[in-house]
Structure formats: structure tokens, C-alpha cells
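To keep things clear, I will list the structure first and then write my remarks on it.
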Amino acid sequence: MYGILLFGATTLLLTVYFIIWPIVEYFRDPKGLRRYPNLNILSGITDLSFCYEAHKGFRSEALLKAHQTSPVVRIGPNSLSYSDISAIKV
């Protein structure tokens, strides 16, 4: 009986920590990064999408396409990519 309760509690905590909390942080936006366009649909929530692009070997092509529309692109929850040095604000 305790094993089932422990398994359920662990599953709930892992779901909240790895799925619910990143989504809450994305909408809470404590760093103000939501104003920049995302590289893809998941880049504001997790770094896994950028890692997947790097694994495929086409990360630079995806960044080039994104930078054609905007000089600053959000590539992760806490990461930005700049296409030009003048896009960096001091």
C-alpha cells in the first residue's frame, strides 16, 4: 500500500517539476524574455528543442531562418541568440 502511495506521490512531483513548473515560469516571465520570438514552439519552455536541432546537425540553418525575420531570437528559457552586435542593448 505504501509503495503505491510513494509511486503516486513521486509521479505527481516529477510531473509538476518537469512539465507544469516550466509552463508556469514561461507565462510568469520573470526575466522579460517572452517579448522575443522563439526559435520553435518549445524553446520558451525547455532547452531540449535546441539540443535536438544541434543533434540533427541543422542548428545553424534553423537559426539563420529565424534571424531573417528578427535580429534577436529566443533559443531557450534563459537564452537569446543575436544576429548582429547592434541588436545587443547595453
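Below, all heavy atoms of this structure are taken into account, side chains as well, without hydrogens, waters or symmetry copies.
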Greater than 12 external heavy atoms within 6.0 Å of L14's CG
yes

Would you say F7 and L12 are hydrophobically clustered, going by side-chain heavy atoms of ILVMFWY under 4.5 Å?
no

Return each pair, listed once, that meets side chain to side chain donor-acceptor pair (under 3.5 Å) where at least one residue sits in residues 46-60; pairs must be two or more places apart or across chains.
N40-S49

Give me the other members of the hydrophobic cluster that L63 sits in, counting Ile, Leu, Val, Met, Phe, Trp and Tyr linked by side-chain heavy atoms under 4.5 Å, directly or via other members.
L39, F50, V73, I75

Listing, residues 30-37 side-chain donor-acceptor contacts under 3.5 Å, not counting sequence neighbours, or none:
{"residue": "K31", "atom": "NZ", "partner": "N78", "partner atom": "OD1", "Å": "3.1"}
{"residue": "R34", "atom": "NH1", "partner": "F27", "partner atom": "O", "Å": "3.1"}

Between I45 and P22, the two heavy atoms sitting closest are CG2-CB, 3.6 Å

Between T69 and A66 (side chain of the first, backbone of the second, donor and acceptor by atom type, cut-off under 3.5 Å), is there such a pair?
yes

Mind checking what makes side-chain contact (heavy atoms from CB on, under 4.5 Å) contact with P71, not counting sequence neighbours?
S83, A87

Tell me whether the count of non-hydrogen atoms from other residues, nucleotides or ligands lying under 6.0 Å of CG in L13 goes above 12.
yes

Look at atom CG of L5 and say whether more than 12 heavy atoms of other residues, nucleotides or ligands are closer to it than 6.0 Å.
yes

Quick one: salt bridge (Lys or Arg N to Asp or Glu O under 4.0 Å) pairs with a partner in residues 68-86, sequence neighbours left out?
none

Quick test of your reading: applying side chain to side chain donor-acceptor pair (under 3.5 Å), list the pairs with at least one residue in residues 8-30, sequence neighbours left out, ordered by first then second residue.
E25-R28

